[in-house]
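Working notes for the structure below.
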2 protein chains.
Amino acid sequence: MKEARDIFFNYVKVKNLRYTRQREKIVEAFLRADRHITAEELYSNLKKVDPEIGSATVHRTLKLMGECGLLDEIKVGSGKTRYELKYKREHHDHLICINCGRLIEVRDDKIERLQDKLARANDFVPKWHRLEIYGLCTKCR
Amino acid sequence: MKEARDIFFNYVKVKNLRYTRQREKIVEAFLRADRHITAEELYSNLKKVDPEIGSATVHRTLKLMGECGLLDEIKVGSGKTRYELKYKREHHDHLICINCGRLIEVRDDKIERLQDKLARANDFVPKWHRLEIYGLCTKCR
DNA sequence: ATTGATAATGATATTTTATATCAATAATAC
DNA sequence: GTATTATTGATATAAAATATCATTATCAAT
């Protein structure tokens, strides 16, 4: 996943920020990580390999990644924010199991188009959206 | 809005909970309030009239109202949860202006049906959903 | 109406997640 | 190499929600 990395470090350069060891490690760990990871999980992953990284820096770097469009914040359920890689992935929606918490990614182009139409019909310029369908997954019903 | 009130107090009765002065006031204030109110806002509304009500009780009562299906929790943006009356209102989605924060309620039956279909196609039993479309409203574009 | 069991309350403490502070350090331009 | 200043990590703080707990209030049984 070389390109996503480059997006980030290009953003850093453009904004006259600095290329640091920590940022590099955090970005790479994020790109390697499971989808929908929390800041805390990412921090503890990194901690194992490199105990010299602070959680504040993880939060700060995730924020930067958000600013340059690399990830989305997903706030759902327990108040813990989850971060999801956005760049170069097709947009998708989520099915969320209310019993076990499983997240399933789905997509339906017809829905996407209708959403756009709906927004425009209300004199609204859509930029992005979030659709979460709550219910029971196969295992839990 | 008598019926919503009754839903709540019926739930209280069924669960062998108690009918208290505070619960009554909180529920009625919520039903009178603007849509998408926060716990804090509701608390401060109540405080003006009845300084004897505690914020913990407001939170607890909102939770109860959620359990009996009277309201939805909307977690968006700032980490502050907003509560929205659900009972006897048609389900709707939200357009959210990323500039001024305006919330516009919308609904499209075709989208609703497709969402249901999408969930079932994934072996998922949908219970409810949330669709938020972010963008710019008329004033802000 | 009185009483007994116990649910509910409000004040406060605690938890949880994210952000701010700040002295020390490290990255970059010159 | 040096000066400038962004970044870091530890820690404190903020902000929202929940837990604790002694006291009070509800309500069923009498």
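Worth saying up front: this structure is predicted, and the values here are computed from it rather than measured. In what follows, chains carry the letters A, B, and so on, assigned in the order in which the sequence lines appear, proteins first and then strands, with residues in each chain numbered from 1.
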Taken to the nearest whole Å, CZ/B:Arg82 to P/D:dA15 is 16 Å

Residue-phosphate contact under 4.0 Å: B:Ser55 side-chain N/O, D:dA17 OP1/OP2: no

Using atom CD of B:Glu52 as one end and atom C1' of D:dT24 as the other, report the distance to the nearest whole Å. 13 Å

Before we go on, tell me: are the rings of B:Phe9 and B:Tyr19 under 6.0 Å apart, centre to centre? yes

Is the side chain of B:Asp50 donor-acceptor paired with the backbone N or O of B:Glu52 at a distance under 3.5 Å, no angle test? yes

OP1 or OP2 of D:dA16 sitting under 4.0 Å from any side-chain N/O of B:Thr81? no

Round to a whole Å and report the spacing from CD1 of B:Ile53 to P of D:dT24. 18 Å

Between B:His94 and B:Glu132, is any side-chain donor less than 3.5 angstrom from a side-chain acceptor? no

With both distances under 3.5 Å as the test, what is the Watson-Crick or G-U wobble partner of D:dC27? C:dG4

For A:His59 and D:dA10, give me the distance from atom NE2 to atom P, rounded to whole Å. 15 Å

Among D:dG9, C:dA18, D:dA17, which nucleotide has an atom closest to any side-chain atom of A:Arg60? D:dG9

For atom NZ of A:Lys15 and atom P of D:dT7, their distance in whole Å: 11 Å

Is the side chain of A:Asn122 donor-acceptor paired with the backbone N or O of A:Phe124 at a distance under 3.5 Å, no angle test? no

Calculate the interatomic distance between A:Leu62 atom CG and D:dT7 atom P; express it in whole Å. 15 Å

May I ask you to say what B:Arg23 touches in the nucleic acid, namely base, sugar-phosphate or nothing, with a heavy-atom cut-off under 4.0 Å? sugar-phosphate

Checking side-chain polar atoms at under 3.5 Å, does A:Glu41 have a donor or acceptor matched by the opposite partner on A:Tyr43? no

5'-most by nearest nucleotide on DNA chain C - B:Arg21 or B:Asn16: B:Asn16

So what does B:Lys63 hit on the nucleic acid, given a heavy-atom distance under 4.0 Å: a base, only sugar-phosphate, or nothing? sugar-phosphate

As a test of reading the structure: which of D:dT18, C:dG10, C:dA18 is closest to the side chain of B:Thr57, going by heavy atoms? C:dG10

Closer to the 5' end of DNA chain D via nearest nucleotide, is it B:Gln22 or B:Tyr83? B:Tyr83

Among B:Lys86, B:Arg107, B:His129, find the one that has a side chain to side chain donor-acceptor pair (under 3.5 Å) with B:His91. B:His129

The residue, B:Glu40 or A:Tyr43, whose nearest nucleotide of DNA chain D is more 5′ is A:Tyr43

Rounded off to whole Å, could you give me the NZ-to-C1' distance for the A:Lys47 and D:dT8 pair? 13 Å

A:His92 and A:Glu84: side-chain donor and acceptor closer than 3.5 Å? yes

Side chain of B:Arg23, backbone of B:Arg18: donor and acceptor closer than 3.5 Å? yes

Atom-to-atom span, CD of A:Glu73 to C1' of C:dT17 - whole angstrom: 12 Å

Distances for protein N/O vs nucleotides 28-30 of chain C N/O pairs under 3.5 angstrom?
| unit_1 | atom_1 | unit_2 | atom_2 | d |
| --- | --- | --- | --- | --- |
| C:dT28 | OP1 | A:Tyr19 | N | 2.7 |

